[in-house]
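Since we're looking at a predicted model, the values are computed, not measured.
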Amino acid sequence: AGLIKEFLEDYNPKFVGLVGTPSQVESCARNWRVYYTVPDIYDSKDDYLVDHSIITYLVNPRGEFLCFFSKEYTVRNILNNIDKQMKKYNEKMNPFA
């Protein structure tokens, strides 16, 4: 878990990384429709490349999937979509506000 946290800090310290057994990782990847491959041979002390999907998922505070963003999305598209999703979520959670 420490290596994942260290790796993610290079991107954003608020990112959450998940770890598990190969079976757990495979199950999670399948549920979230994430593609990945781990090289057949690697030295765990050195860096190695894992080919994987490049998708950012938006989930609500309850951990429920809302939408995803691929690398084709612009910052403006992402911000507009997040704003729309937040408004929908807030209306759903507090319909009398």
Close side-chain approach of V25 to Y36, heavy-atom, < 4.5 Å: yes
Applying side-chain contact (heavy atoms from CB on, under 4.5 Å) between L79 and each of N77, D83, V75, report the one that passes. V75
Closest non-hydrogen contact found for C67 with N81 is SG-OD1, 3.6 Å
Separation of T37 OG1 from H52 NE2 (nearest 0.5 Å): 9.5 Å
State, without any angle test, whether D51 and Y35 hold a side-chain donor-acceptor pair at a distance under 3.5 Å. yes
Which value, rounded to the nearest 0.5 Å, describes the distance between Y89 atom OH and R62 atom CZ? 6.0 Å
About how many Å separate CG of L18 and SG of C28, when rounded to the nearest 0.5 Å? 5.5 Å
Would you give the length of the straight line joining atom CD of E26 to atom OG1 of T21, rounded to the nearest 0.5 angstrom? 9.5 Å
Can you tell me how far the CD1 atom of I78 sits from the CZ atom of F69, to the nearest 0.5 Å? 6.0 Å
Hydrophobic cluster of Y57, others only, ordered by chain and residue number, side-chain cut-off 4.5 Å: W32, V34, I55, V59, F65, F68
Test of understanding: clusters of I, L, V, M, F, W, Y form through side-chain heavy atoms closer than 4.5 Å, transitively. Do V19 and Y11 belong to the same one? yes
Drop me the distance from M86's CE to L58's CG, to the nearest 0.5 angstrom. 9.0 Å
